[in-house]
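Below is one structure, written out as structure tokens; the observations come after it.
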Amino acid sequence: MKTKPLDPMNNISQPLSSPAPLTKSSGIKIHQTDEAIGFIPLPDNSGKPITVIGNDAIRNSFDDTCLQQIVNSRMSPGVTEVILNPDGHAGYGAPIGCVMVSPTHIYPGPVGVDIKCSMSLLQTDIPEEAVADKSVRRALIDAITERTPTGAGRGTRSVKKGRKFTKELGIQVVTEGASPAVCEALGIPVEWAERCEDSAHLGHDGTAESLRKRLDFILETKRVKNFGDKIGQLGSYGGGNHFGECEITRILDLPSAKETAEVFGLKDGHVSFLSHCGSRGFGNILACAQFKDLETMFNKWGIPYPAGDKKLVYAPLGTPEANAYLDDMALGANFATVNHLLINALVLEAFQEVLPGTTGKLVYFISHNIAREEIVEGRKAWVHRKGATRAVPGGHFSLAGTPFAETGHPILLPGNPRDGSVVMVAQGGAERTAWSVNHGAGRQMGRKHAAQTLDQAAVDAEFDSADILYNSRKYPIDESPDAYKNFADVLNSVEAAGLAKTVAKLEARFVIKDSAEADD
DNA sequence: ATGTCC
């Protein structure tokens with residue numbers, strides 16, 4: 001296996017920054033070129049510098065591990081471009097909050113272990129007054145958690161309204177994604193499929209047949225044990241930072257925002273519901289097995305890991321290993337897609353139980369942990385977004401034929417319940433970031449550190465005074481707003497860099513999130 | 001993130 005040298009033609013000239021570059025203790029320097037755009041030159045100046053999005057506060061938020069990881073990612077074989085987003089922080093091999101572009105190689109690490117972890121937004125026709133009462137919101141929390149549970153290992157509970165999670169349906173789900181047949185079987189409105197960044201993923205050769213063959217292998221070799229149990233997790237959130245959140249949509253009072261919001265299907269002053277989750281146990285098993293497979297191959301072939309880090313294993317495109325990874329990623333991605341759409345269908349049912357007559361439409365479903373084949377600077381390449389969101393503006397050829405051809409697609413960015421979340425739309429400046437933005441606020445504290453330093457009573461009191469309810473007895477302390485970066489700094493960076501602009505703000509009214517403490 | 005493990 002040959003590795004491709006870094007392409008010197010990608011060495012675009014960057015203006016030298018006038019202020020002294022920010023130098024971290026690792027010796028990695030971030031040169032500032034604009035208010036919110038900077039770059040890290042390669043150690044040997046042999047290729048396109050790393051693009052860093054962030055204002056002063058954000059640039060200071062990147063820890064040394066994160067910066068070393070972005071340099072390692074950039075220097076890895078076949079990589080032509082990487083971007084560090086303002087929500088970037090240390091992850092598994094590559095930072096969470098980065099984009100990695102390669103025309104020749106596929107990397108499992110810069111996709112992540114939660115294949116196609118994504119955001120989705122459901123817009124209802126319920127006016128905000130209807131959920132002003134705490135008891136209504138409590139009833140909604142109960143109705144939703146009854147249908148879409150949280151927690152590791154948890155699957156969809158009792159209320160399935162005639163849905164049958166058979167093995168045959170499971171096979172269809174992971175090989176077809178949100179096909180009309182799958183939507184029909186699971187009670188998902190078929191028209192929601194066109195509100196997906198990708199409603200279905202095909203195999204490495206562009207067919208569903210290769211996925212069926214790969215799935216046969218996966219089931220026969222028991223790579224995924226208890227497939228039925230995994231399929232039973234469809235329609236569930238899982239744990240960690242995954243959540244469901246009831247919001248009030250606030251469209252910005254600007255003519256352009258209002259026009260875009262209309263196309264997106266947002267309703268000002270009405271209840272919406274934001275969800276964050278991925279491919280659950282199914283995707284996790286496939287992703288983890290890929291790391292093992294590739295590690296074995298690297299050892300067998302005697303190839304060094306990029307930067308000595310086995311979490312940066314890769315496969316050159318066209319090899320059986322790359323094909324296997326692409327197929328596994330597609331299978332996991334199809335699971336995540338149907339999982340999100342089913343969650344939205346179940347959430348809508350829950351609303352209809354508590355507030356009869358409620359209608360709701362999917363605004364969008366978009367991933368932040370996936371590799372997609374796109375055109376970057378005129379060249380076909382795999383764009384790995386790890387904790388990063390595609391950001392394509394109106395008029396771009398890739399949106400032709402979608403409802404968002406003229407406006408650009410919705411970008412769903414979770415901030416935190418206290419400071420809100422946003423719906424954005426891409427701007428032309430996103431061409432500088434391989435059509436990408438961040439995926440949220442980004443952690444600034446590790447979970448342990450957050451648990452040790454943050455005050456549980458203060459966190460709960462803050463939610464109480466803001467009248468934001470949650471499903472558990474205590475808000476998970478390691479998920480509290482202060483465990484994350486300042487969302488205003490993150491958004492200011494995105495807007496100042498010209499990547500995207502805000503269309504609407506989402507104000508949290510209640511949160512559904514796994515809590516080991518208060519799980520029932 | 002996770003058929004969850006510090």
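So that the names make sense, note that chain A is the first sequence line, chain B the second, and so on, each numbered from 1. Here the structure is a predicted model, which means the values were calculated and not measured.
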Grab the [atom1]-[atom2] distance between [X] and [N] for me, whole Å please.
{"X": "Y237(A)", "N": "dT4(B)", "atom1": "OH", "atom2": "C1'", "result": "20 Å"}
{"X": "K116(A)", "N": "dT2(B)", "atom1": "NZ", "atom2": "C1'", "result": "20 Å"}
{"X": "H449(A)", "N": "dC6(B)", "atom1": "NE2", "atom2": "P", "result": "20 Å"}
{"X": "Q233(A)", "N": "dT4(B)", "atom1": "CD", "atom2": "P", "result": "10 Å"}
{"X": "D478(A)", "N": "dT4(B)", "atom1": "CG", "atom2": "P", "result": "18 Å"}
{"X": "N284(A)", "N": "dC5(B)", "atom1": "CG", "atom2": "C1'", "result": "15 Å"}
{"X": "K230(A)", "N": "dT4(B)", "atom1": "NZ", "atom2": "P", "result": "9 Å"}
{"X": "R447(A)", "N": "dC6(B)", "atom1": "CZ", "atom2": "C1'", "result": "13 Å"}

_Of the options dG3(B), dC6(B), dT2(B), whose atoms approach the side-chain atoms of H242(A) most closely?_
dT2(B)
Check whether any side-chain N or O of [X] sits under 3.5 Å from a backbone N or O of [Y] as a donor-acceptor pair, and report yes or no.
{"X": "Q444(A)", "Y": "A483(A)", "result": "no"}
{"X": "H340(A)", "Y": "F365(A)", "result": "no"}
{"X": "K386(A)", "Y": "Y92(A)", "result": "yes"}

For a quick check of understanding: with a heavy-atom distance under 4.0 Å over all strands, which category does [X] fall into, base, sugar-phosphate or nothing?
{"X": "G283(A)", "value": "nothing"}
{"X": "G240(A)", "value": "sugar-phosphate"}
{"X": "G239(A)", "value": "sugar-phosphate"}

*May I ask you to check whether Y305(A) and F298(A) place their ring centers less than 6.0 Å from one another?*
yes
